[in-house]
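Written below as structure tokens is the structure these notes are about.
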Amino acid sequence: MLLPDAPPAPHDLRAPVLAWFSEHARDLPWRAADRTPWGVLVSEVMLQQTPVVRVEPAWRAWMQRWPGPAELAEASTADVLRAWDRLGYPRRALRLQECARTVVERHGGVLPSTEAELLALPGVGAYTAAAVLAFAYGRRSVVLDTNVRRVLARTVAGEALPAPTQTAAETRLAAGYVPDDDATAARWAAASMELGALVCTARAPRCDACPVRDRCRWLAAGRPGDVHAHRRRTQAWAGTDRQVRGRVMALLREALGPVPAAAVDAVWQDAGQLARCVDGLVADGLVERVPAASVDDPPTYRLPG
DNA sequence: AAGGCGGGGAT
DNA sequence: ATCCCAGCCTT
């Protein structure tokens with residue numbers, strides 16, 4: 001077999017991936033025919049750094065409880081944070097509710113459908129705006145997530161993994177592979193993401209099952225190692241502020257009422273670090289500090305709203 | 001451009 | 001133990 005030494009032409013990459021997608025697309029609820037634009041946005045926010053398998057049940061419960069922005073806007077923030085449960089990065093839940101309130105107040109309860117308006121919403125960045133345009137409104141957009149970045153890094157650039165931080169050149173390259181018409185562009189977005197999620201995975205790619213294995217520059221080069229490895233730093237977990245914040249949030253989520261300061265103090269040994277983290281959570285709007293009745297008594301803590 | 005920000009399942 | 005996950009926001 002003749003292996004490629006030049007980037008594949010857009011159509012040569014797209015056509016096999018689109019055909020593969022028509023057979024292997026997962027049956028996800030936010031792709032169902034009865035989906036709403038708001039439901040698509042909720043799924044995208046939940047999927048920001050949280051895997052599909054964990055999002056799916058949470059999304060179903062969430063949409064059952066708060067079907068649209070109007071319902072979420074009216075909810076108690078404490079309920080929102082409890083429903084977010086352990087999806088991680090609870091600031092996303094806060095922003096999602098802020099987003100709902102913005103949609104209600106500024107857009108009459110209808111999720112906007114232009115890129116600029118979407119980008120102006122809390123918690124909506126370049127990826128999420130593009131994804132909503134494609135998946136909710138069927139519009140052409142450059143959807144460049146971790147999956148698509150990896151697919152293009154391998155097939156087009158011949159590298160094992162994309163660079164740690166996304167570059168403008170990468171966006172331009174991705175734009176060159178997006179089909180011209182709205183419907184096909186939206187389908188390409190879903191298909192290229194799905195390929196990255198199911199076949200062209202970060203850990204153990206299934207190149208033997210890949211629809212573009214005969215056009216992939218990375219495979220042709222013998223699957224060389226990650227040239228960016230020396231620049232990647234893995235985020236530590238044990239002992240970090242993120243772990244401490246997570247403990248505090250878990251305690252408050254499970255509590256029925258206000259939690260005494262002593263109970264909060266019990267979740268972490270290092271009092272200084274704990275105090276700093278609690279202050280941070282209060283500053284972020286994730287936690288409320290309730291002063292005690294007497295100035296000599298310690299305060300209590302609870303979820304806001 | 002870099003660093004902070006959760007949490008769990010897989011290796 | 002480390003890696004990875006449909007990123008966003010601030011500095």
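A, B, ... follow the sequence lines: proteins, then strands. Residue 1 opens every chain. Because only heavy atoms are used, hydrogens play no part in the values below, and waters and symmetry mates are left out as well, while side chains stay in.
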Do other residues, nucleotides or ligands put more than 12 heavy atoms under 6.0 Å from [X] [atom1]?
X     : atom1 : result
A/H11 : NE2   : no
A/E71 : CD    : yes
A/Q64 : CD    : no

Reading nucleotides 6-11 of chain C from the 5' end, what letters show protein touch, with B for base, S for backbone sugar-phosphate only, - for no heavy atom under 4.0 Å?
BBSS--
[N] [atom2] sits how many Å from [X] [atom1], rounded?
X      : N     : atom1 : atom2 : value
A/W237 : C/dC4 : CH2   : P     : 18 Å
A/L198 : C/dC4 : CG    : P     : 17 Å
A/L281 : B/dG6 : CG    : P     : 7 Å
A/M249 : B/dG8 : CE    : C1'   : 17 Å
A/M46  : B/dG6 : CE    : C1'   : 15 Å
A/R54  : C/dC5 : CZ    : C1'   : 9 Å
A/L161 : C/dC4 : CG    : P     : 7 Å
A/D241 : B/dG7 : CG    : P     : 13 Å

Could you check whether [X] gets within reach of a base, just the sugar-phosphate, or nothing at all, counting any heavy atom under 4.0 Å?
X      : answer
A/R276 : nothing
A/D284 : nothing
A/P164 : nothing
A/R245 : sugar-phosphate

Distance col, row A/Y89:OH vs A/Q48:CD, nearest 0.5 angstrom, shows 11.0 Å
Gap separating the CG atom of A/L251 from the CZ atom of A/R302, nearest 0.5 angstrom:
15.0 Å
Position toward the 5' end of DNA chain B (nearest nucleotide), A/R253 or A/R231:
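Nearest-nucleotide comparison on DNA chain B picks A/R231.
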Between A/V53 and A/L286, which has a closest nucleotide on DNA chain B that is more 5'?
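The residue mapped nearer the 5' terminus is A/L286.
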Please report the distance separating the P of C/dT10 from the corresponding atom of B/dG6, rounded so that it comes out in whole Å.
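Comparing P positions in C/dT10 and B/dG6 gives a spacing of 15 Å.
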Roughly how many Å apart are B/dG4 and C/dA6, using the P atom of each and rounding to a whole number?
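After rounding to an integer number of Å, I get 23 Å for this pair.
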Sequence neighbours excluded, which residues qualify as ring pair (Phe, Tyr, Trp, His ring centres under 6.0 Å) partners of A/W38?
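For A/W38, no residue satisfies ring pair (Phe, Tyr, Trp, His ring centres under 6.0 Å) once neighbours in sequence are set aside.
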Counting only side-chain nitrogens and oxygens, does A/R232 get under 4.0 Å of the OP1 or OP2 atom of C/dT2?
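So the side chain of A/R232 is outside the cut-off, no N or O lying under 4.0 Å from OP1 or OP2 of C/dT2.
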Less than 4.0 angstrom from a charged side-chain N to a carboxylate O is my criterion; do A/R154 and A/E159 meet it?
no
Within the modelled atom types, does a donor on one side and an acceptor on the other bring the side chain of A/R242 and the base of B/dG4 under 3.5 Å apart?
no
Exactly one of A/R95, A/R91, A/R92 should register a salt bridge (charged side-chain N to carboxylate O under 4.0 Å, His left out) with A/D284. Which one does?
A/R91
